[in-house]
Every structure is written in C-alpha cells, then in structure tokens.
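Data block below; observations after.
Chain naming here is simple, since letters A, B, ... match the order of the sequence lines and numbering starts at 1 in each.
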2 protein chains.
Amino acid sequence: MELDERKLTILEAIIRTYLETGEPVGSRTISKYTALNLSSATIRNEMSDLEEMGYIVQPHTSAGRIPSDKGYRLYVDHLVKEKTQQVTALNSLMIYKTNRMEEILKQVVRMLAANTQYTTMISAPSYKRNKVKFIQLSKLNERQLLNVVVIEGNIVKNHIIDLTENIDEESVLKLNLLLNTRLNGLTLADINLGLISNIKEEAGIHSEIISEVLDTIADVIRAETDEDMEIYTSGANNIFKYPELSDSEKASRLITTLEEKDLLADFVKDTEQKEEKGDTGIQVYIGEESPVEAMKDCSVVTATYELGDGMQGTIGIIGPKRMDYEKVMNNLKSLKTSLTEMFKEDKPPENKVDSGKK
Amino acid sequence: MELDERKLTILEAIIRTYLETGEPVGSRTISKYTALNLSSATIRNEMSDLEEMGYIVQPHTSAGRIPSDKGYRLYVDHLVKEKTQQVTALNSLMIYKTNRMEEILKQVVRMLAANTQYTTMISAPSYKRNKVKFIQLSKLNERQLLNVVVIEGNIVKNHIIDLTENIDEESVLKLNLLLNTRLNGLTLADINLGLISNIKEEAGIHSEIISEVLDTIADVIRAETDEDMEIYTSGANNIFKYPELSDSEKASRLITTLEEKDLLADFVKDTEQKEEKGDTGIQVYIGEESPVEAMKDCSVVTATYELGDGMQGTIGIIGPKRMDYEKVMNNLKSLKTSLTEMFKEDKPPENKVDSGKK
DNA sequence: ATTAGCACTCAACTGTTTGGAGTGCTAACA
DNA sequence: TGTTAGCACTCCAAACAGTTGAGTGCTAAT
C-alpha cells in the first residue's frame, strides 16, 4: 500500500488534532475539520489503511486513533514546519547573566522549562580537550600547597595539596617552572601517569617532595577529567501536566531518572555522536527510540550548543510523546544558536567577572 | 480530662500500629494486640476521650482513628525511644570519600535516602563567617588577572578579572601586598564596600587600574557571600512509596519544592535558629508545623552537623506524617555525630587531596 | 470511488447493592 | 464505678448492572 497525498493529509490532521487535544481522534472529527470534504466513512477506510501501515493505533476498539511512534517519526521528519520563532525570554535572560557558568546553565534550563512547560535538561560542556594555559603552585604553609590550573576557556581548577614533609620556597619555584614548561599547551586528557613519570625522570627527581607533589597533581587532574558529566534539570513537576505520564508508577521512574544524572548522560552522549556524524541540528527521540528505559513513554528533543574552543554541551527537552514538536524544535533551534552566539561574543563565561557592571 | 497512664498506652499503641500499617486503627485491633486485656468497648470509650483531647482523629465516621499532628507531637516528644542505632552504611561511605565537599554531600544524602526510603536533603555549610587566610592575584596576560582567595577551612575561591586597561607586574605586586595586609583575618562578611573604599583611600589611589581591581574584588566577594545556600536532595521518587503523598496534585507540589532550593532553605534556617537557642539535637516538623506550605502533609526531621571552624550544615529527611520517627531520628542522630566526627578528624574536606591515597 | 446506514463494541459514567469494619449507646455485670 | 456484651447505625469500598455516546467495520446503494 502506498502513502499517497490524501493519506498523508489525513495522517497529519490526525496527529495535529491529537497533539492539541490529547484525545484519540475519530473519523468524524477529521471529516468535519479538514478541507478534503470527505465523509467520515471514507476517512474511516483511509484510517484503517493508515493503521495497517503502522502510522496510527487504536487504544481499544471503538476508540479513535492516536499516532504510533512511526507516525510521530514521519511527522517530525516531514511535516514539522520551520518557523522563525520568537526567541521569547532569552533576552531577559541576558540581564541576569552572572559570572558563573553553572548559574547560567541553571537559568537557561529553568527558563526553558517555564517556557515550554516540559521538563528540561542541560549538560555542562566537558573541557577534557581544553589546553592548559597556566599552572601555579603557592605555598600556604610548611605542609600545604595551593595548586591552581587555568585552562582554555578560562576555567580555573584549584586544589590544596597536603604534604607529608616540609617544603621550601625554592622547590616551589622549581616546580612552578617545571610544570609550566612541560604542561602548558597540553590538554587535560593528555596529562597521564606516563607523562608525569617522564617529567620526574627528566627533572632528575631531586627530592622526594617534588615527586610527591607531581604525583598528587597527576591524581588531581585525572580525577578532574574522570568526573562525571554535570547535568542540570528543571521543571520535573511538569510531567504532572500530562496524565499519560503522571501515574505513580511512571512518574516515579521518571523522577528517578532525572535524579540519576548518568542516565541522562546517555542522551548527551548519543546526541553528541549523532551531531558528529554530520546529523547536525536537532535530535528527536520518540518513545522506544530513547536510549533510556524509563523514557519509553516520552519523547526527548535535544541539541548541542557550542562554546568555542571546541567545547560543547547539550540541551534537552523531555515531554510526553504528544509534545508540541513544532514549538519545541523551533524553540530549541533558536536557543541553540542564541546560546552559541552568547558564549561566542562574550567568552569565557566561567568565572568571568564583568568588571564594569555592578 | 487527664491523660492517664492507660490512655497513654492506648495512644501509643494506636500510633505505633498506624505507623506500621498506614490504615486507620480500630478499637478491636488495640484490644487484641495490647497487653492491657481490655475489651474493644472499653478501648472505644478511651478512644473517644483521646479524640476529644485532640490526639487522634477519625477520617470519617465508622473508620478507625489516626493520630493528629498533636498526637504525633506527643509521640515524638515523649514516646520515641533512643536506640543505639547501627550506623548502617556510613562506613562504606568513608571508602568513597573523595576530595570534594560537594561530592561528599551528594553521597551522604543519597545514602541516607536509600537507607531510610524517604526523601532527603543536605545543605552545604555556609562560610560567610570564615576568615580570609590568603589572597593572591596572578597576571594571566595584559588584560586579565586571576584572583584566588583561600579562607578558613581551606576553601578556595577564584575569579578571573577582566581589565579595561593594561596592568604591569609592579601594580600586581602592590595589590597583593595591600590585599593580604588588609584583608587577611577578616571574615567574608566583614568585607564590604566601605572597607574597600577605606583601603583605596589609604593606598592613595595610585592609579585607576588599582581602584578597578579593588572594586571588582569587592564585588566578587560580595557575590560569593550573597550566593544562595547550596542544597542537595535525593530520593525524590520515594514520595511515591506513600499513597498519601503520591496523588498528582501533592506530588507535583512536593517535586516543585524540592527543585526550588530556596524553599528548602527555610528548613535550614529554622533548624539553625532552633539549635542556636540551645535546642540541640534533632528537630521535627510535623505537618502544619512546617515552615513550607507544600509540606503540610509531610513531616520533616532535621539536624545540623559541624565542620569545625564554626561552619555548620543541615541534614533533613522528608517523609509522610506517618514516617518511622524512631528510625529516622536515631538514624539522623548517629549520622550527625558521624559526619561531625568525620569532618573533624579529617578537615578540611573541600578541595583536600589525600596525597597518600590514589 | 464514495457515501449513507446500521449493527456492534467498549470505556466511562451512574446508580444500586452488598459486605465489612468500625463506632456509639445502652443495659447488664463484677 | 469501671468494664463488658450486644446491637443498631454509619460509611467506605468493591462489585454489579444499566445507560450513554463516541467510534468503528461492514454492506449496499449511489
């Protein structure tokens, strides 16, 4: 059987109506509110065909039809129109721009949730690939050193190192020199145990204490790199706006998933992979397509945003399968560019202090 | 009417039974499963009295009784026994101890949620009252400075300062000296605009650039101080284990509250206040006693923990009114001491790197 | 190919009934 | 005087039956 023009029109009408009402839609409704001027009986025949083709399903006999995953997929791929969306509240967001990346992300994700009435997530960009710009060891006291590492994107990481024996100023100076000459320009991912032992060798291991400090720094950087992805969510309560998600069972599973950030990380990874493969733009996961078990009843729309320096993060919107894909996709698309723009014109965001503004 | 021995026994039996079953408890149950050897009729008379006194209520005529807020209050104040609780999984927690305060707190709150099957929260200690130990400005390039502030408890804060004009090494040295002599030993709360303008005056305002840097640092420290309380929650899904909390309406409100950390902050503030007033130990908020509207159907049990240096945070357990107060209170008490101990023997936790351990 | 018409299905709603758990009251009892 | 047995009463919850209405599939006529 072929999906001809008319069937497509009818399918689209069904999906659009269902997205609006959330109720299974019957043949009569389509017959009345569509320009085709066909009787409900004809529509019924076509619907029967569409069901056979797998685009729609009946929740039970003698109910109207609702779109299947396949139906939604077709809709998303071919029927969603690109609108030049009003960028809603992103401008107001600018005003609140603070100096900390974390805060920005939390605000974005919150704004997006309020805006769309869906649950939202955002991942902080990973900086494993960023290069070291500056390393500094400072002596706090005889037994403690402060280690500060600045990496591309002006991200600052610091750690206090407890020593087992006293250290003198000279060693600190030497270490500073050593670290800066050998590590500057490398990415965090480059810095591993092998490299450190090379440095130690090259330096001739003057003293136990230097070796100890180097080891610790290696540990610290590795820990920083291994750190799980930071993901912020917002609008978890929005799932209760959609009856198909808000029974105890499902709601509980969803809430758990939102708490377990490593499950959400699957979306981030998958999205990044897909975009790497050139499938740039917006990713949509409909029901079963989702990599996360608990989200089989949801649809998730994601996109990455860029920070320059090759850093990228992912934004996602989680809602019922009958979410307003058109709005969500357009919203996300404009947000994606806004964010990318915003970080570009004004990087580095993290820890940046706009000295002019109060 | 007086609450004599027998009434108290019956009341306790009612509450204990209700905590177990979650069902309204009838006179017959008490008559059978209590050592008093009274007929259900007698119990009924007593129950009628207890209801008149306000300790129990009937959800509807011809149902058993359930404890009122007042009943729970009596139970918590006088009938909960102190057990030497097994500290369950706290030891296993030690193993996972990482070097970052944030991670520790997240683990504690998660462990506690898994352990109690309730929703949990923990607040990161505030360090407004901690004194500055060390300040360092480093020149990253002509237009950027890195500012690092170490405060008591070895908490490190850093910011990158963007300048509107170039700065030379000499000014940086001067600023470092100035800042360390004038700010060391002060608490973050002490550092305000007035003080900064004093410093500027005293320093004679050699140059625009120095003034600019000082202003920025003041801004930064103030922002750091004003920052909202950091609160982590876990086990939000646990509310679905208790039918009285899991209808859409209530669940949604609760989830929203858990997301809005500033509402939870009310508990933290209240608990700190109460403990300051000498009411040390465990705080229990039953139903209406809660400072947060959305939690009128819940009970919340909180405690503070100490970090030394006067820093303190708050842990809280959020559950239905019929939560297992005995278990929760004991659990929290032992956790409170464990945490306090843990931080004491091994402070400072934040950013600490155990150089011996891998 | 389209449509009108009709029988059929099924969820959702509306009583209605029934059973059981629990109460309050009263009268009898120790 | 405190306790108890007995009984009528209440009310929820579950089960059941009847009704309604939206929707379908099929068939025969256009």
Side-chain angles (χ1 to χ4, degrees), chain A residues 1-11 13-18 20-68 71 243-244 246-247, chain B residues 1-11 13-15 17-18 20-68 71 243-244 247:
Chain A
M1 208 171 330
E2 206 206 345
L3 190 67
D4 58 21
E5 188 70 23
R6 197 173 71 175
K7 283 192 172 48
L8 196 68
T9 315
I10 292 173
L11 178 57
I14 293 173
I15 297 181
R16 289 219 129 88
T17 314
Y18 182 68
E20 260 180 42
T21 64
E23 302 277 292
V25 4
S27 54
R28 189 118 192 295
T29 317
I30 300 299
S31 158
K32 274 200 294 191
Y33 301 106
T34 207
L36 288 172
N37 281 328
L38 292 173
S39 78
S40 62
T42 313
I43 303 290
R44 273 205 288 286
N45 289 328
E46 296 287 38
M47 279 171 120
S48 177
D49 291 352
L50 285 170
E51 179 160 22
E52 202 178 322
M53 285 187 269
Y55 292 111
I56 50 180
V57 289
Q58 258 181 311
H60 52 262
T61 15
S62 90
R65 307 300 214 288
I66 64 175
S68 66
E244 63 264 50
S246 49
D247 69 288
Chain B
M1 210 172 326
E2 204 206 343
L3 190 68
D4 58 22
E5 187 70 22
R6 197 171 73 174
K7 283 191 170 50
L8 197 67
T9 315
I10 292 172
L11 179 57
I14 293 172
I15 297 180
T17 314
Y18 183 67
E20 260 180 42
T21 65
E23 302 278 293
V25 5
S27 54
R28 189 116 192 296
T29 316
I30 299 301
S31 158
K32 275 201 291 191
Y33 301 107
T34 207
L36 288 172
N37 281 326
L38 292 172
S39 76
S40 62
T42 313
I43 303 290
R44 273 204 290 287
N45 289 329
E46 297 288 36
M47 280 170 118
S48 176
D49 292 352
L50 284 170
E51 178 159 21
E52 202 178 322
M53 286 188 269
Y55 292 111
I56 51 181
V57 289
Q58 257 181 310
H60 52 263
T61 14
S62 90
R65 309 301 215 287
I66 64 176
S68 66
E244 62 264 50
D247 69 288

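- Between the side chain of B/Ser31 and the main chain of B/Ser27, no donor-acceptor pair closer than 3.5 Å is present.
- With respect to A/Lys7, the salt bridge (charged side-chain N to carboxylate O under 4.0 Å, His left out) criterion is satisfied by exactly one of A/Glu52, A/Glu51, A/Glu46, A/Glu2: A/Glu46.
- Applying the 4.0 Å criterion to OP1 and OP2 of D/dT3, one finds that B/Arg6 has a side-chain N or O inside that range.
- Taking CG of A/Leu11 as the reference point, atom CD1 of A/Ile15 lies at 4.0 Å (rounded to 0.5 Å).
- Across residues 31-58 of chain B, B/Arg44, B/Met47, B/Gln58 each have a non-hydrogen atom less than 4.0 Å from an atom of DNA chain C (numbered order).
- The shortest heavy-atom contact between A/Ile66 and A/Pro24 is CG2-CA, 3.7 Å.
- Atom C1' of nucleotide D/dA22 and atom CD1 of A/Ile66 are separated by 16 Å, given to the nearest angstrom.
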Please produce a list of atom pairs where a protein N or O lies less than 3.5 Å from an N or O of nucleotides 10-14 of chain C.
from	atom 1	to	atom 2	distance (Å)
C/dC10	OP1	A/Thr61	OG1	3.3
C/dC10	O4'	A/Ser62	OG	2.9

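- Here the CD1-CZ distance, from B/Ile43 to B/Arg65, works out to 11.5 Å after rounding to the nearest 0.5 Å.
- Residue B/Arg65 places at least one side-chain N or O closer than 4.0 Å to OP1 or OP2 of C/dG24.
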Show me the donor-acceptor pairs within less than 3.5 Å that the side chains of residues 53-64 of chain B make with the rest of the protein, sequence neighbours left out.
from	atom 1	to	atom 2	distance (Å)
B/Gln58	NE2	B/Ala63	O	3.1

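- Taking atom CZ of residue A/Arg28 and atom P of nucleotide C/dT3, one finds them 14 Å apart after rounding to whole Å.
- Here the P atom of nucleotide D/dT24 and the CD1 atom of A/Ile14 are 9 Å apart, to the nearest Å.
- Between B/Thr42 atom OG1 and B/Arg6 atom CZ the span is 6.5 Å, to the nearest 0.5 Å.
- Within the 3.5 Å criterion, the main-chain N or O of A/Arg44 finds no donor-acceptor partner in the side chain of A/Ser48.
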